[in-house]
Amino acid sequence: MEHERPVINDCIHHPYEACNCPPEHRTGTVAGHDHAGMGHDHSAMGHDHSHHDPKGFRNQFFLALALTIPTMLYSHTVQMLLGFTMPTFPGSNLLPAILGTILFFTGGRVFLKSGLQELKGKQPGMMALISLAIVVAFGYSLFITIAEVANLGFAGMDFWWELATLIAIMLLGHWIEMTSIMNAQNAVGELAKLLPATADRIDGETTTKVAVSALQAGDKVLVRPGAAIPADGVILMGEAKLNESMITGEAAEVFKRVGDEVIAGTITSDAAQLGQGALTVKVTRVGEATMLSGIMRLVREAQASKSKTQVLADKAAGWLFYLALGSAIVTAIVWISLGTQSTDFVLERIVTVLVIACPHALGLAIPLVTSISASKAARTGLLIRNRLAFEEAAKVDVVLFDKTGTLTTAERGFVAARLAYASPLNNTDELLALAAGVELNSEHSIGKAIVSQARKLNLQLAEVLDFRTIPGQGATGVLAGDTIIVGGAALLTSRNIAIYVDDLVRADAAHQAGNTVVFVVRNSELLGSIEVGDVIRPESKQAVYDLLSRRIRVAMITGDANGVAEAVAKELGITEVFAEVLPHQKADIVRKLQADRSKVAMVGDGVNDAPALAQANVGIAIGAGTDVAIESAGLVLLSNDPTAVAKAIDLSKRSVAKMTQNLWWAAGYNLVAIPLAAGALLPIGFVLSPALGAVLMSLSTIIVAANAQLLRK
């Protein structure tokens, strides 16, 4: 059974974890969890989260520190050890007891309340252990003080200064921890800040400034130079470069023109410097439907999910509670049975065991790493939807890429331009300019690909007149009295256009590679051919190389013909190819790869990839993918760059390594320290005091926190 934490009003609550309370439960104070007045109050807006504000722990720590210093200075033990005395006044001998009691009911309240909740839920853990330690120290010290004042003749040493330092150091540890976790969780808040508060909605001939929340799908908005896009949409007018790094993680600005989609929160460049005007955008998605809102939801889901290592740490905390009690009982039995030590010594050992057993570092070991890794991943364009999948990525030894839309763009694009064997043209730029001039007004995807390539090359397009489409063949236009025709093989046949064998061989090779070939004819003379196809992403080759260099097998799966698949695989350096695979067979291929116990990561973007993404050990949906693919995946790449797959695996390995290091350090520290606290080394003259135990324990917490912070580098 997974070691779950107490659930109050359906809100998972624990001081080490993110607040996952649903909005309807974020009103008022969760019963029994106001955490000593440190701001643990959910605002009516549902976005307060002040109960995780490090300032609360900071204020409590400094209050505890102010009380701890005089408690230590007026402690008889401290004065004796350090050889000094303090000015006395009536009642000064009771000052440590008074201040220690105040500390117990102020700074110690947070631990007492949380520990009580764990005990009520019959799931004792970290907070229960801390509570047990300070309750025992307080009770014992109070008894010693009363015995001393009442002259009862009981020989013993109080632990007021140890109690004070324990509470102060624990609060310091919480302050450090909450500061780190809050910094990690701020990733979601920073995403929310990307959205502008208002938008310029176009109403007829005028613009009206309205709240972004008032926008609806179908509205038209004006986005001025340097402003942020208020909602997801499509550009109707204008062009500009957009900074999408906060969404995709890619630093380079992306040029957008009419017809291109834009994402809420992305920022237009200063168009005054670029000679570009404002954008007119048609809103397609608003509110929770926008990509930015989806990202925020996925980040919240990631922070709420647990990893295998976290579950193990939770269980270990529960075991340690019983181990601490057992160790304290054994300590008492052994020393009493030996009869060589006084009662006060035995009680001191029991207190020390309970203090040293507090697994504060264990509680911090995993959550802090997962919070930082989720934040770091989100800032680099990787969303962790499921922590189990993220941890599993560290073990991946096979990456299976879907071809279309993942390694290729899934859009028809320019592949190559070739002059005919006997072409009178000087270069392929002339060929492209002629073809683009004819296709300038075409709505066909092939025509658009040709025009797009010509514009990329900044070619001067020919002014072609009398544009017409030829059904089933292509398009035609007139240039300087010459008829220019752009079309497929049927065009050559119907018009008896002569074509050399070399041209036929090249066209056939292009067809075998899965490309479409269109020919450019002037009057009755063949000028050349242009190949259009599913273009390989420029980053795909590097993505494959990165994985192979890490000794990870790379395979490709596609529904395309063998020839097309082999051509793409050869260019990318992939030797393992599964072609002509039907959608329902993709999951079977994943199972086939898993048959030898390989850990398989499936990378895809389409609806037909969903079963395979779910079957894989790690499903990775690429940024432009469908909602179905994203919901089936454990990891989501916000960009279309497949090189992010290797980066995701690297981050997973580093995160798992940090979690493992922290877990061993925290657990190992407790296993070594408990025998020392029990007095195992007394024969050689070493006795571990409660105060030293508290210092060492908090030092362990700080080491764990510092180790987790190294993940940011």
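Just so you know, these numbers use all the heavy atoms, side chains as well, and skip hydrogens, waters and symmetry mates.
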Here the gap from Thr71 atom OG1 to Leu99 atom CG, rounded to the nearest 0.5 Å, amounts to 4.0 Å
The reported gap from CD1 in Ile167 to OG1 in Thr68 (rounded to nearest 0.5 angstrom) is 7.5 Å
Closest non-hydrogen atoms of Ala328 and Val353, given as atom of the first, atom of the second and distance, are N-CG1, 3.9 Å
On a heavy-atom basis, the closest approach of Ile649 and Ala393 is CG2-O, 3.7 Å
Sorted by chain and number, sequence neighbours left out, ring pair (Phe, Tyr, Trp, His ring centres under 6.0 Å) with Phe138 holds for Phe104, Phe105, Trp160
Sorted by chain and residue number, the side chain to side chain donor-acceptor pair (under 3.5 Å) partners of Asp650 (sequence neighbours excluded) come out as Arg550
To the nearest 0.5 Å, atom CG of Leu103 lies from atom CZ of Arg109 at 14.5 Å
OG of Ser652 to CZ of Arg387, rounded to nearest 0.5 Å, is 12.0 Å
Are the side chains of Phe89 and Leu95 in contact, using a 4.5 Å heavy-atom criterion? yes
Flag side-chain contact, heavy atom, 4.5 Å: Thr88 against Tyr74: no
task = Evaluate the side-chain proximity of Val346 to Thr331: yes if any heavy-atom separation is below 4.5 Å, no if none is.
result = no
task = Determine, step by step, whether Phe111 and Leu171 satisfy the side chain to side chain contact (heavy atoms under 4.5 Å, CB included) criterion, reporting the C-alpha distance in whole Å, the side-chain angles of both residues, the deciding distance to 0.1 Å, and the verdict.
result = CA-CA 9 Å; Phe111 308 110; Leu171 288 171; 4.1 Å; yes
Q: Starting from the C-alpha separation in whole Å, work towards a yes-or-no answer on side chain to side chain contact (heavy atoms under 4.5 Å, CB included) for Asn662 and Ile703.
A: CA-CA 9 Å; Asn662 281 358; Ile703 290 173; over 6 Å; no
Rounded to the nearest 0.5 Å, the CE atom of Met72 sits from the OG1 atom of Thr165 at a distance of 6.0 Å
Hey, does Leu682 have a side-chain heavy atom less than 4.5 Å from the side chain of Gln341?
yes
(Q) Does the structure place the NZ or CZ of Arg58 under 6.0 Å from the centre of the six-membered ring of Phe62, at an angle of no more than 45° from the ring's axis? (A) no
For Gly634 and Ala389 the tightest heavy-atom approach is CA-CB, 3.9 Å
Heavy-atom nearest pair, Ala394 first then Val656, reads CB-CG2, 4.1 Å
One should read off an interatomic distance between Lys376 NZ and Ser655 OG, to the nearest 0.5 angstrom, of 9.0 Å
Do Glu391 and Met659 have side chains that get closer than 4.5 Å, going by heavy atoms? yes
Item checked: Ile620 vs Val618 side-chain heavy atoms within contact, under 4.5 Å -> yes
In terms of heavy-atom contacts, Lys658 and Asn707 come closest through NZ-OD1, 2.9 Å
Between Pro96 and Ser75 the two heavy atoms that sit nearest each other are CG-N, 4.2 Å
- Item | Contact check, side chains of Leu382 and Lys647, non-hydrogen atoms, under 4.5 Å | no
Counting C-beta onward and ignoring hydrogens, is there a side-chain heavy-atom pair between Phe84 and Leu73 closer than 4.5 Å?
yes
Okay, side chain of Arg349, backbone of Ala332: is any donor-acceptor separation there less than 3.5 Å? no
